[in-house]
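Both backbone and side-chain heavy atoms feed into the values below; hydrogens, waters and symmetry mates do not. Residue numbers start from 1 in every chain, and the chains themselves are labelled A, B, ... in the order their sequence lines are given, proteins ahead of strands.
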Number of protein chains: 2
Amino acid sequence: MSLINNPSGGALTTGRDGDVVHADSDLHGAVGRHLARHDYRYTAGRRRLVDTMADAGKPVTLPDIISASPDLSPSSVYRNLDVLERSGVVDRITTRGDHAFFEFAEPLLSHHHHLICIDCGIVKDFCLDDEVEKRVDRGLLEAAGEAGFTPLRHNVDLHGYCPDCK
Amino acid sequence: MSLINNPSGGALTTGRDGDVVHADSDLHGAVGRHLARHDYRYTAGRRRLVDTMADAGKPVTLPDIISASPDLSPSSVYRNLDVLERSGVVDRITTRGDHAFFEFAEPLLSHHHHLICIDCGIVKDFCLDDEVEKRVDRGLLEAAGEAGFTPLRHNVDLHGYCPDCK
DNA sequence: ACTATATTGAGAGTGAGTCTCATAAACAAT
DNA sequence: ATTGTTTATGAGACTCACTCTCAATATAGT
Ligand SMILES: [Mn+2]
Ligand SMILES: [Mn+2]
Ligand SMILES: [Zn+2]
Ligand SMILES: [Zn+2]
């Protein structure tokens with residue numbers, strides 16, 4: 001499975017902090033740096049969690065994680081997903097389904113968006129082309145400015161039926 | 001307060017079903033038609049709920065609704081929000097906060113998107129200009145096609161800090 | 001009015017996620 | 001290595017947004 005895997009092809013990315021991370025390379029190093037920056041330790045359990053998510057290669061829920069790695073403790077996984085999110089390693093995807101989804105955050109995974117099935121809840125990654133992305137950013141910046149919001153990130157997701165549920 | 005209130009100015013809209021609804025006019029008529037189409041009754045409680053949401057003029061949570069109309073029964077409000085959502089009257093906005101937000105759906109409220117405060121959870125409406133909106137739609141359609149998804153609607157939301165929380 | 005069906009509301013129930021706290025692991029010195 | 005200090009772990013209790021149940025009630029059709 002490939003991290004930093006741009007669904008539309010890119011495989012090399014430059015992080016906010018100047019880190020240049022390559023597909024499949026130094027994932028743990030990058031995660032460790034993020035954690036250290038927030039005074040967290042990169043423990044064995046957190047490594048297991050990161051490996052499990054990397055192996056999945058797609059957004060995962062807690063049941064996904066536990067069934068892939070049954071020896072992990074649910075309460076610790078929840079706690080660690082929170083820690084990883086606070087450290088900028090992981091993004092939480094809140095859908096209408098029972099469970100939240102988690103995936104690696106930028107710059108560990110390149111910028112992309114989500115197709116969400118309103119029936120089974122599956123989440124699939126996709127990319128908008130750079131031109132659209134730029135225009136969206138410009139529109140959002142303008143709207144944020146008018147409303148006095150300080151923008152951090154945006155979501156663009158499409159809700160519909162996946163091939164299995166159609 | 002104004003329904004069919006396009007944040008960027010429009011005040012007249014044509015619905016999917018050919019209904020032409022004007023600002024502040026015939027809200028109950030339109031809601032009743034949606035419910036009837038799904039074999040639901042437009043009861044007094046549902047009218048109260050619709051009025052409460054219309055009076056709010058912004059996305060509301062269950063506590064918002066109950067504190068504005070304390071005589072409404074929470075279990076019935078939840079059930080009726082579900083009915084209204086199934087009938088296409090209401091959209092549910094799922095955020096990371098404790099409570100879901102609800103607002104009128106298109107075409108009762110014109111197409112728009114959301115600024116979401118990651119601190120206090122407030123949800124504010126905004127519009128993208130039509131050119132950006134068209135390009136996003138085209139990009140989403142393409143991505144949906146490639147993934148075999150049947151597209152229904154899209155969300156574009158910006159997460160950041162509201163003026164009060166910055 | 002009468003029947004058939006849909007809705008209501010109070011409260012019980014569900015379950016994803018959080019909290020507690022006693023134990024264990026990680027780090028930083030000696 | 002040993003010790004001390006801080007942080008993380010995990011089992012289970014707990015929370016609470018939301019759903020379900022079911023007897024009572026409202027609505028629509030005739
Ligand atoms: Mn994704
Ligand atoms: Mn809105
Ligand atoms: Zn599906
Ligand atoms: Zn705020």
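By the side-chain contact (heavy atoms from CB on, under 4.5 Å) test, B:R48 is found to be paired with B:S69, B:D71, B:L72, residues two or more places apart in sequence or in another chain being considered. In this structure A:P163 satisfies the side-chain contact (heavy atoms from CB on, under 4.5 Å) test together with B:F149, sequence neighbours excluded. The ring-ring contact (aromatic ring centres under 6.0 Å, His included) test applied to B:H99 returns no partner, not counting sequence neighbours. Take A:D119 and apply the side-chain contact (heavy atoms from CB on, under 4.5 Å) test, not counting sequence neighbours, and it matches A:C117, A:Y161, A:C165. A:D157 pairs by the side-chain contact (heavy atoms from CB on, under 4.5 Å) definition with A:H114, A:I116, A:N155, A:H159, B:N155, not counting sequence neighbours. In this structure A:F101 satisfies the ring-ring contact (aromatic ring centres under 6.0 Å, His included) test with no other residue, sequence neighbours excluded. In this structure A:D82 satisfies the salt bridge (charged side-chain N to carboxylate O under 4.0 Å, His left out) test together with A:R86, A:R92, sequence neighbours excluded. Considering only residues two or more places apart in sequence or on other chains, A:R41 meets the salt bridge (charged side-chain N to carboxylate O under 4.0 Å, His left out) condition with none of them. In terms of the salt bridge (charged side-chain N to carboxylate O under 4.0 Å, His left out) criterion, residue partners of A:R96 (sequence neighbours excluded) are, by chain and number, B:E85.
Where B:T43 and B:L62 each meet DNA chain D at their nearest nucleotide, the meeting point lying more 5' is that of B:L62. Mapping A:G45 and B:D98 onto DNA chain D by nearest heavy atom places A:G45 closer to the 5' end of the strand.
Contact check of residues 64-83 of chain A against DNA chain C (heavy atom, cut-off under 4.0 Å) returns A:S75, A:Y78.
Taking 4.0 Å as the cutoff to heavy atoms of chain B, we find the contact window on DNA chain D bounded by D:dA17 to D:dA28. Once you apply a 4.0 Å limit to the heavy atoms of chain B, the touched nucleotides of DNA chain C run 5' to 3' over C:dT5 to C:dG11.
In this structure, CD in B:E133 is found 13.0 Å from CZ in B:R135, a value given to the nearest 0.5 Å.
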